[in-house]
Protein chains: 2
Amino acid sequence: MPQKPFVSAQEVAERAGVSRSAVSRTFTPGASVSPETRRRVVEAAEALGYHVNHLARGLMRNESGIVCLIVSEMSTPYRANLIRAMTQQLQNAGKIAMLINTDRSDGSVDLALRQAIRYRADASIILSGMPDRSITQLCLKNGQRLVLINRDDDQQGPLRINLDDAEAAGRVVTAFVRAGCRRLAFANSQAGTPSLMAREHGFVAAAKTMGLPVRVERHGPTDYESGRVLAQRLLTLSERPDAVFCATDLLACGFMDAARHQFRVAIPDQLCVVGFDDIEQAAWSSYDLTTFAQPVEMIAREAVAWLVNESGQAAGDDSVRFQPNLVWRSSVRGG
Amino acid sequence: MPQKPFVSAQEVAERAGVSRSAVSRTFTPGASVSPETRRRVVEAAEALGYHVNHLARGLMRNESGIVCLIVSEMSTPYRANLIRAMTQQLQNAGKIAMLINTDRSDGSVDLALRQAIRYRADASIILSGMPDRSITQLCLKNGQRLVLINRDDDQQGPLRINLDDAEAAGRVVTAFVRAGCRRLAFANSQAGTPSLMAREHGFVAAAKTMGLPVRVERHGPTDYESGRVLAQRLLTLSERPDAVFCATDLLACGFMDAARHQFRVAIPDQLCVVGFDDIEQAAWSSYDLTTFAQPVEMIAREAVAWLVNESGQAAGDDSVRFQPNLVWRSSVRGG
DNA sequence: GCCGTTGTTGCAAGCGCGTGCAAATGCTGC
DNA sequence: GCAGCATTTGCACGCGCTTGCAACAACGGC
């Protein structure tokens, strides 16, 4: 670690023959500098390889430009895609993303938020897990903005972005009935996150109003392997379902693979399948899965727009709801 | 933006009835503080919700704890997985990851590195694209460590982590020959990155030494859709190949789907397929793809270990080579 | 020729922190 | 009781930056 490797504004000032303030102002949009001074400063900065120290700037401005992304299982397709959209939007807005991995353990998200505070992040976006209420309060008290995505929390202060999971789940029942299905099933993981449970309850409730029973099965984490296990459970029943709504596409892919290769079930002829998320693989021709597309770009844009919005929590209700878009593919009859 | 939302060491000091230095020392490992003082400081800090300001600390220490991850197409399975492994390892080492999206455009990586300099990142890890030599020099001159993953660059200074792509590609030829294949093909994208080209050249060279011709086809970006297009090109030839090595698993998945569903080709009976990366989908039973596993965890561990290593560029040659591990699955006959 | 106005510049303070230095404190051995 | 030592503590400075303030220059209108 060299002693003083980075070139400072002081050195630029000396080389340009101006004061240190002039250098600062040159790199501060909207500050008052004459064209001639600016030219000399830029020239010297270029020659010396000067870059404004955002750490020091953040110290003065009380605004670091850092936004924390807090997320678990970040390599799953849906999450990875959301992270991509978020970082892109943040960059467009002149912010920069910090990425923090969380796991299932209790204090994990709290720890992440503490890290966000240490780096004086302007905001944190939580894609996974629920932080303790005391921590979110700490963040807000420290002037840090908070965005909760699909967390379905009711506390005031953070921006809450949610999908209308229940309503979407209801549409699936209609689709299944239209396809002539009668023995419905719902395949879920045991994660028990608000969105997953909302899909389950929405589906069961809608089926009930149409007088159809639903077999609900839950297993393990929300991944491909769980989808296979769920298929093994549901397809070995004496009353084999003829339609299954999987809580996510990943579950659906596992389910379809087991159904086809292990149980020789024809999709959609003997079994209709619907997923959720519209991950890239859902469109692959091995699956061609009917599913709900999450408006990932819109979610990211909305979140970032709210973050950079100077007017504080001006807008009364900081809650946004999106309708997922049903994408018809061949895993359901009669699209 | 509230004026002074974060609580400072000063306030903690006042509440604890000690000097500000004492607070600072309490949170500096190895500093000299009496147990009693420490207790009072910790108590006050707890009560006030104090967190050390890492921005200011970075200013003093010339060490921010920030490591930049520079990556394009970050939502593809292989990249997403590498990002996950990296952030996890960084967190374990007490560092934190900044994530920067790049695109195909020329100055994109340079811009990202400039951003890394602005935030005084201790290091940058480049997973995509090649920065201009002048920029990497700028980083090194500023005392910033640099890691290039699969970039196959020869400049001194950065840590270079590479796979032995050519050697691996050679093993594929052997596998194909052993499976009784004679008409080999290589399916590549047009990205032209060093690793992709090394796989292509290694495959062609190995085939040549065994007296077998190879049909090489290149198309588009390195994704699923290109795999489909490549299948359309290669499977409509009068001399249809009976074995194809796809430069990545994503290409292979597209290739297999088109081969099976569009051309009714049986895999592995009529066509053997090998991919590269061992993404999660390669193990899905719709593909069950024979492929090379990149030692993602080891790559991440190696990179982070080198970054946090105090001894500077002590170790003579900063270049690491890994052998990818061939994972046998059913897309090749006679594993 | 003078004053008010506008635009530019340097000074200096301060953001929150780490740390060298010297003073202060506590302890041991005689 | 006191010299000698180790440990702890506070002071004050500086890290690189922004910004309010006052000084200053330029300039047009009367």
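Naming convention: chains lettered A, B, ... in sequence-line order (proteins, then strands); numbering from 1 in each chain.
- For the side chain to side chain donor-acceptor pair (under 3.5 Å) condition, the pairs that include at least one residue of residues 46-57 of chain B, sequence neighbours left out, are R114(A)-H51(B).
- The residue F27(B) sits apart from the nucleic acid: no heavy atom pair falls under 4.0 Å.
- For R61(A) and dT19(D), the CZ to C1' distance is 10 Å, given to the nearest whole Å.
- What separates CG of L55(A) from C1' of dG18(C) is a distance of 14 Å, to the nearest Å.
- Per the geometry, OH belonging to Y50(B) stands 10 Å off P belonging to dG16(C), to the nearest Å.
- Between R57(B) and dC17(C) there is no side-chain polar atom (N or O) within less than 4.0 angstrom of OP1 or OP2.
- Rounded to whole Å, atom P of dG16(C) lies 12 Å from atom CD of E14(B).
- As rounded to whole Å, 13 Å separates atom P of dC15(D) from atom CG of N53(A).
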Across nucleotides 8-14 of chain C, 5' to 3', mark each nucleotide with B, S or - according to how protein heavy atoms within less than 4.0 Å reach it. BBBBBBB
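- Atom pair L59(A):CG and dG18(C):P shows a separation of 12 Å (rounding to whole Å applied).
- Looking at E43(B) and R40(B), no side-chain N of the basic residue comes within less than 4.0 Å of a carboxylate O on the acidic one, giving no salt bridge.
- A salt bridge links K95(A) with E63(A): the distance from a Lys NZ or Arg NE/NH1/NH2 to an Asp or Glu carboxylate oxygen falls below 4.0 Å.
- Salt bridge R301(B)/E297(B): absent, no basic N to carboxylate O contact under 4.0 Å.
- The shortest distance between the side-chain N/O atoms of Y119(B) and the OP1/OP2 oxygens of dG16(D) is not below 4.0 Å.
- A donor atom on one side chain and an acceptor atom on the other are not found under 3.5 Å apart for S128(A) and E73(A).
- Residues that satisfy the side chain to side chain contact (heavy atoms under 4.5 Å, CB included) test with S24(B), not counting sequence neighbours, are T28(B).
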